[in-house]
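Worksheet: one structure, shown below.
For ligands, and for the atoms within them, numbers begin at 1 and follow the listed sequence. The figures here come from the full heavy-atom set of this structure, side chains too, leaving out hydrogens, waters and symmetry mates. Computed from a predicted structure; not experimentally measured.
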Amino acid sequence: MSLLEEIATAVFEGDADKVKEASERALSDGAAPETVINEGLITGMNKIGYLFKNGEVYVPEVLIAARAMHAGMDVLKSSLQAGEEIGNKGIVLVGTVKGDLHDIGKNLVAMMIEGAGYKVVDLGIDVAPDKFIKAVEEYQPLAVGLSALLTTTMTAMQETVSRIKGNGGRVRVIVGGAPITQKFADAIGADAYAPDAASAADIINQILAG
Ligand code: B12
């Protein structure tokens, strides 16, 4: 079994210590942190997600896998940030929209954006539109990243985008999450959509440059 497969299996089995140890080993063997994320951590999470969808595992197993995934993310965080001076490009707010408790994807996006040199203010999960608006006023960010993982919380995303955009400022809004598409992002008036954490950082660079 390759080291990346070992990491994926350890996430799937919810073995946080193993994920941490194998992620450290992969980095010291010279693997790029993005590769460890995509081919190790996310592969393992997708595997548990498939069984969850089919009713073969339940919420506790998924939470244990999520904890193992976070153990890997903690290891990778510092190497993702090593290349850039943290926070020198300006502030980006991120949060998961109201009613939605999923945060693994949002946390990955936050890590990648930090790695690209922005200071990230993470508002957490189940964030109501009012809280986003208050945070925009407080932090004056360059951009806000909204995450939604449930079809039922896509409406909260829509409401949040229209409240932020209706508030007058020039802040750019980028959206993502498994059920979100470019078409939906266009329909709700978001400035950008990205399908994954690596492209989220690229797209934020692009929209802020343009
Ligand atoms: C983990 C998980 C959970 C965990 C969450 C733990 C946590 N701390 O996040 C727990 C067990 C709590 C959970 C609960 C529920 N879940 Co859930 N969950 C998942 C699961 C298995 C994996 C999600 C995940 O973390 N994927 C890995 C990450 C890396 O991927 P990601 O989130 O998609 O993020 C990537 C991109 O989408 C993008 N991205 C994400 N956010 C953003 C933001 C921006 C700005 C950008 C640019 C990009 C971006 O970049 C990320 C990295 O590349 C998915 C299945 C799946 N395959 O998606 C179901 C899933 C999302 N859950 C589902 C459901 C139904 C639920 C529950 C309602 C179950 C229940 N009956 O209680 C509850 C809802 C709770 C709530 N109110 O939110 C359904 C949703 C169905 C739907 N279409 O609405 C799914 C699809 C499973 C399924 N097929 O049935 N869940």
Could you tell me, atom by atom, which parts of ligand 1 come under 4.0 Å of a heavy atom of [X]?
{"X": "Gly99", "value": "76 (C), 77 (N), 78 (O)"}
{"X": "Met45", "value": "1 (C), 27 (C)"}
{"X": "Ala178", "value": "33 (O), 37 (O)"}
{"X": "Ala200", "value": "47 (C)"}
{"X": "Gly145", "value": "45 (C)"}
{"X": "Gly49", "value": "21 (C)"}
{"X": "Ile174", "value": "45 (C), 47 (C)"}

Between [Y] and [X], is there a side-chain heavy-atom distance shorter than 4.5 Å?
{"X": "Lys131", "Y": "Lys98", "result": "no"}
{"X": "Ile203", "Y": "Tyr193", "result": "no"}
{"X": "Thr43", "Y": "Leu4", "result": "no"}

Decide whether the shortest distance between a heavy atom of Pro195 and an atom of ligand 1 is less than 4.0 Å. yes

Does Leu108 have a non-hydrogen atom less than 4.0 Å from ligand 1? yes

Could you tell me whether the side chain of [X] and the main chain of [Y] form a donor-acceptor pair under 3.5 Å?
{"X": "Asp100", "Y": "Leu150", "value": "yes"}
{"X": "Asp103", "Y": "Lys106", "value": "no"}
{"X": "Thr9", "Y": "Glu5", "value": "yes"}
{"X": "Asn54", "Y": "Glu56", "value": "no"}
{"X": "Thr181", "Y": "Phe184", "value": "yes"}

Side chain, backbone, both or neither: which part of Val175 comes within less than 4.0 Å of ligand 1 when only heavy atoms are counted? backbone

So for Ile180 against ligand 1, with non-hydrogen atoms under 4.0 Å, the contacting part is neither

Looking only at protein heavy atoms, which one is nearest to atom 41 (N) of ligand 1, and what is the separation? Ser147 OG, 2.8 Å

How far is atom 53 (O) of ligand 1 from its nearest protein heavy atom, and which residue and atom is that? Ala197 N, 3.1 Å

Just to confirm, does any protein heavy atom lie below 4.0 Å from atom 86 (C) of ligand 1? no

Hey, is atom 70 (C) of ligand 1 touched by any protein heavy atom at less than 4.0 Å? no

Considering only heavy atoms, which of [options] lies nearest to [atom]?
{"atom": "atom 2 (C) of ligand 1", "options": "Val59, Val62, Asp100", "answer": "Val62"}
{"atom": "atom 7 (C) of ligand 1", "options": "Thr96, Asp103, Val92", "answer": "Asp103"}
{"atom": "atom 90 (O) of ligand 1", "options": "His102, Met112, Glu61, Lys53", "answer": "Lys53"}
{"atom": "atom 39 (N) of ligand 1", "options": "Gly105, Ala190, Gly177", "answer": "Gly177"}
{"atom": "atom 78 (O) of ligand 1", "options": "Asn54, Ile203, Asp196, Leu101", "answer": "Leu101"}
{"atom": "atom 44 (C) of ligand 1", "options": "Gly55, Ala110, Gly176", "answer": "Gly176"}
{"atom": "atom 58 (O) of ligand 1", "options": "Leu150, Val109, Leu149, Val173", "answer": "Leu149"}
{"atom": "atom 10 (C) of ligand 1", "options": "Leu63, Ile48, Leu41, Val94", "answer": "Leu63"}

Ligand 1 to [X] polar contact by distance, N or O atoms, under 3.5 Å:
{"X": "His70", "value": "no"}
{"X": "Ile42", "value": "no"}
{"X": "Thr152", "value": "no"}

Output, in order, the C-alpha distance, side-chain angles, deciding distance and verdict of side-chain contact (heavy atoms from CB on, under 4.5 Å) for Ile48 and Val57. CA-CA 8 Å; Ile48 197 95; Val57 298; 4.1 Å; yes

Check the side chains of Asp196 and Ser199 for a donor-acceptor pair under 3.5 angstrom, ignoring hydrogens and angles. yes

Asp186 and Gln182 side chains, donor-acceptor separation under 3.5 Å: yes

Which heavy atom of Gly14 sits nearest a heavy atom of Arg67, and at what distance? O-NH2, 4.0 Å

Take Lys18 and Glu13 through the salt bridge (Lys or Arg N to Asp or Glu O under 4.0 Å) test and state the conclusion after the steps. CA-CA 10 Å; Lys18 179 79 195 286; Glu13 290 172 350; over 6 Å; no

Please determine which of Val161, Ile188, Ile180 meets the side chain to side chain contact (heavy atoms under 4.5 Å, CB included) test together with Leu146. Val161

